[in-house]
There are 4 protein chains.
Amino acid sequence: MDQAAKVGRPRSEQARTAVLHAVDDLLLEVGYAAMTMKGIAERAGVGRQTVYRWWSTKAEILFEASVIDAEQELAVDASGDLAADAAVFVDRLVQFLGQSPAGAAYRALVGEAQHDPAVAELVATRDVVCDSARELLAAHGLTAGELDQAAAALAGPPFFWILTSQDPKGLDVTSLADRFAARGHVRRSGNRR
Amino acid sequence: MDQAAKVGRPRSEQARTAVLHAVDDLLLEVGYAAMTMKGIAERAGVGRQTVYRWWSTKAEILFEASVIDAEQELAVDASGDLAADAAVFVDRLVQFLGQSPAGAAYRALVGEAQHDPAVAELVATRDVVCDSARELLAAHGLTAGELDQAAAALAGPPFFWILTSQDPKGLDVTSLADRFAARGHVRRSGNRR
Amino acid sequence: MDQAAKVGRPRSEQARTAVLHAVDDLLLEVGYAAMTMKGIAERAGVGRQTVYRWWSTKAEILFEASVIDAEQELAVDASGDLAADAAVFVDRLVQFLGQSPAGAAYRALVGEAQHDPAVAELVATRDVVCDSARELLAAHGLTAGELDQAAAALAGPPFFWILTSQDPKGLDVTSLADRFAARGHVRRSGNRR
Amino acid sequence: MDQAAKVGRPRSEQARTAVLHAVDDLLLEVGYAAMTMKGIAERAGVGRQTVYRWWSTKAEILFEASVIDAEQELAVDASGDLAADAAVFVDRLVQFLGQSPAGAAYRALVGEAQHDPAVAELVATRDVVCDSARELLAAHGLTAGELDQAAAALAGPPFFWILTSQDPKGLDVTSLADRFAARGHVRRSGNRR
DNA sequence: AATTAATCGAGACGGTACGTCGGGTCTTTAC
DNA sequence: GTAAAGACCCGACGTACCGTCTCGATTAATT
């Protein structure tokens with residue numbers, strides 16, 4: 001049982017949610033770079049120390065604030081048809097990365113991960129994009145050994161495209177999904193490795 | 001022709017290269033986040049105004065300092081075999097992103113691009129990874145309409161993997177290249193692999 | 001009779017003395033400026049609220065903690081000889097201000113009184129140095145009208161010297177006491193003014 | 001010759017005077033305790049770093065801002081009459097400590113000196129009250145060996161009175177001056193020490 | 001040769017966020 | 001009702017970097 005902290009004033013849930021909402025809002029309003037710990041505290045109507053007490057960096061807060069939404073937006077129920085499911089997933093991923101607030105948060109976090117090893121670890125240990133791709137593919141029967149390669153093959157192209165061009169229009173979702181599924185079929189019929 | 005500024009003291013090439021080298025060094029020594037315009041100037045033994053006179057941000061300097069090296073490291077001479085060339089390319093890309101200083105610069109820039117639209121434009125208009133993939137694929141006869149999708153399909157998976165997991169070991173380069181080429185063959189010759 | 005607070009848990013004498021001792025200790029260890037309400041509570045092993053419940057400021061605590069000691073150290077039994085008594089008093093005052101922990105507390109409080117009107121009132125209404133000087137002089141028969149001037153004349157010079165120079169060595173106690181007593185004799189023998 | 005700092009932008013005299021004036025103003029408006037380095041910088045319209053670049057503490061600034069005025073207010077031209085000069089000096093000192101802005105600064109500094117050794121040294125090495133008293137007494141022929149005791153005897157009583165009671169009304173200036181001068185005569189007629 | 005003009009290193013300038021610390025208050029459980 | 005614990009909001013701390021602004025000193029091309 002959780003024996004920690006029976007004494008003293010308990011943590012304020014109100015302060016916690018105020019901070020998370022402030023981060024969500026500020027990301028859209030001013031962007032990740034202009035979002036500061038000071039600004040977050042002021043926007044949330046919370047003391048600066050309270051923010052630092054529970055989170056080390058704005059990246060941590062943003063991660064906590066966005067991961068639930070991100071998982072929901074990327075969840076795909078597996079049908080029997082891998083090509084169709086892949087198309088749905090790629091489409092959702094493109095929407096997520098290009099349009100969704102949670103996706104903007106994810107992109108900001110992956111960006112920060114390239115500068116800060118602590119954030120890199122945060123992203124690596126619970127990468128919502130990779131996890132959702134793996135979940136979908138696992139439902140289609142891929143084995144653990146195949147999952148990593150397949151997830152990268154599925155999520156990588158749209159991820160690469162949007163992170164480097166920021167333009168979701170130049171991307172043909174169906175084409176990418178077909179390309180993935182074609183190989184996917186071959187892969188699963190067993191003639192290699 | 002460049003008619004600007006014929007009078008006055010000419011720009012110091014020494015100062016320029018000192019700044020570019022300082023940025024290269026500092027990226028490896030302290031990382032992108034801890035690299036500052038002030039620190040760059042001091043490391044280069046150059047006045048701060050001199051840095052600001054020629055570059056707006058550390059991202060611009062880093063881009064100028066790394067793009068030449070990046071292009072060289074990613075150039076692949078096309079053989080007749082797409083699968084082999086793809087494997088070479090993926091392998092070089094993984095090395096580039098995971099090991100090379102120029103690749104570290106590229107990752108830092110792509111990361112910053114997620115936070116700063118100006119850097120996003122810089123990266124989008126001359127993305128060394130996408131450009132080199134397109135160049136290789138164009139040599140194999142892909143049409144302009146196919147290039148974007150194919151380049152993303154080729155470069156995306158390793159790009160995604162390294163940017164989100166930072167661990168190049170979990171990646172099977174051959175498998176990814178085969179997966180790409182299989183679809184490529186189907187696409188172009190019609191039968192499959 | 002004191003009718004307040006008959007119900008509920010009574011005030012803890014242990015907590016009170018722990019706080020007073022903590023203040024005494026901290027004044028010597030870290031000095032008045034670095035002494036904080038938080039630090040006092042922690043040193044005393046007492047809750048912060050408990051400190052604030054009984055005292056408003058560290059100055060109040062310090063006053064309560066030091067005034068008894070200060071009165072004892074400055075008490076002088078009057079002999080018949082004013083010059084001798086003055087010399088003893090000045091000597092004790094110099095020791096008190098320059099060496100004694102209670103004197104350090106007194107100096108800190110007088111110092112704080114120059115910044116904070118509340119502390120100024122605290123010091124003014126029960127100034128141990130002035131009170132002890134007046135008590136001695138009253139025992140020598142000075143009238144109420146003379147006491148203030150005489151007390152200032154007696155205590156002022158060493159007080160001034162130590163508060164502004166911090167160096168008790170430059171001071172000739174006998175000379176100051178004689179200077180005081182000479183005027184005192186003239187004054188009381190009636191031949192002038 | 002002053003060889004320091006030939007390169008770089010020179011110090012802004014405007015910023016310096018703005019800070020000194022801000023400190024003067026704030027001392028009267030909010031008092032020493034509520035005066036902060038942050039507040040000084042903002043009031044002066046100056047960056048905080050600029051304040052810290054030239055002064056370590058608010059006490060240092062206040063000292064620089066008030067010492068000139070203090071010296072002028074306490075300067076007494078010596079006449080032949082020691083008693084008269086002493087009376088003038090005591091009167092000015094009471095005015096200075098009790099009414100003058102420069103005197104308020106001096107009291108604040110002496111107060112802070114009881115908490116902070118660095119300020120104590122600042123005050124001790126150039127104590128305007130002691131210095132002016134010594135200057136007056138030196139003009140009356142006192143020798144170096146006598147100056148310290150005499151200055152303390154002259155300035156100490158009003159200093160003590162005002163610092164501990166804050167009430168200049170309870171003080172009889174003439175009486176204190178006479179008391180000083182009486183002893184002064186005796187002293188100089190040579191019968192002791 | 002003297003002048004002009006843009007560059008150079010240096011460093012102070014007004015700002016603002018950093019992460020920490022203390023202030024004084026509030027909210028728990030325990031006594 | 002007091003006590004210990006500890007979270008709460010607030011704001012100052014001293015530092016670092018931002019991008020700008022003087023400085024004196026160089027370094028060419030133009031007089």
Side-chain angles (χ1 to χ4, degrees), chain A residues 5-12 14-16 18 34-42 44-54 56-58, chain B residues 4-12 14-15 18 34-42 44-54 56-58, chain C residues 4-12 14-15 18 34-42 44-54 56-58, chain D residues 5-12 14-16 18 34-42 44-54 56-58:
Chain A
K6 280 288 177 76
V7 293
R9 183 176 178 174
R11 178 175 182 181
S12 163
Q14 180 181 331
R16 179 178 162 270
M35 190 167 69
T36 66
M37 292 295 262
K38 182 172 188 277
I40 293 166
E42 286 171 357
V46 144
R48 220 120 74 87
Q49 188 68 248
T50 299
V51 179
Y52 282 107
R53 181 152 32 227
W54 303 110
S56 296
T57 61
K58 58 179 175 176
Chain B
K6 284 287 175 95
V7 290
R9 183 175 179 173
R11 177 175 182 182
S12 162
Q14 181 182 330
M35 191 167 67
T36 66
M37 292 295 261
K38 184 172 186 265
I40 293 165
E42 286 171 359
V46 145
R48 275 164 84 186
Q49 191 65 261
T50 300
V51 180
Y52 282 107
R53 186 156 23 231
W54 304 111
S56 295
T57 62
K58 59 179 176 177
Chain C
K6 283 288 174 95
V7 291
R9 182 174 176 173
R11 177 174 183 182
S12 161
Q14 181 181 331
M35 191 167 67
T36 67
M37 292 294 263
K38 186 171 185 267
I40 293 166
E42 286 170 359
V46 145
R48 219 123 77 85
Q49 192 64 261
T50 300
V51 180
Y52 281 107
R53 187 157 20 233
W54 304 110
S56 295
T57 63
K58 59 178 175 177
Chain D
K6 281 287 176 73
V7 293
R9 181 176 179 173
R11 177 175 184 181
S12 162
Q14 181 180 330
R16 178 178 163 271
M35 190 166 68
T36 66
M37 292 295 262
K38 182 172 188 277
I40 293 165
E42 286 171 358
V46 145
R48 266 158 91 186
Q49 188 68 245
T50 299
V51 179
Y52 283 107
R53 183 151 33 227
W54 304 111
S56 297
T57 61
K58 58 179 176 177

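These numbers come from the heavy atoms of this one structure, side chains and all, not from hydrogens, waters or symmetry mates. In what follows, chains carry the letters A, B, and so on, assigned in the order in which the sequence lines appear, proteins first and then strands, with residues in each chain numbered from 1.
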Do any N or O atoms of the protein come closer than 3.5 Å to N or O atoms of nucleotides 24-27 of chain F, and which pairs are they?
from   : atom 1 : to     : atom 2 : distance (Å)
F/dT26 : O2     : B/Arg9 : NH1    : 3.0

5'-most by nearest nucleotide on DNA chain F - C/Thr50 or A/Arg16: C/Thr50

Closest nucleotide among E/dT7, E/dC13, F/dC8 to the D/Trp54 side chain: E/dC13

Residues that D/Ser56 engages under side chain to side chain contact (heavy atoms under 4.5 Å, CB included), provided they are two or more places apart: D/Glu60

Listed partners of C/Thr36 passing side chain to side chain contact (heavy atoms under 4.5 Å, CB included), at least two apart: C/Lys38

Nearest-Å distance for atom pair CD/P, residues A/Gln14 and E/dT27: 11 Å

Sugar-phosphate or base contact per nucleotide [nucleotides 12-18 of chain F; S, B, -; heavy atom under 4.0 Å]: BBBBBBB

Atom-to-atom span, CZ of A/Arg11 to P of F/dA7 - whole angstrom: 10 Å

Of B/Arg53 and D/Gly47, the one whose closest DNA chain E nucleotide lies more 5': B/Arg53

A/Ala15: side chain to side chain contact (heavy atoms under 4.5 Å, CB included) partners, not counting sequence neighbours: A/Ser12, A/Val46, A/Thr50

Would you tabulate the nitrogen or oxygen pairs shorter than 3.5 Å linking the protein to nucleotides 1-3 of chain E?
none

Within-4.5 Å side-chain heavy-atom neighbours: B/Trp54 and B/Arg11: yes

Distance-minimising heavy-atom pair for D/Lys58 and D/Ile40: CB-CD1, 4.0 Å

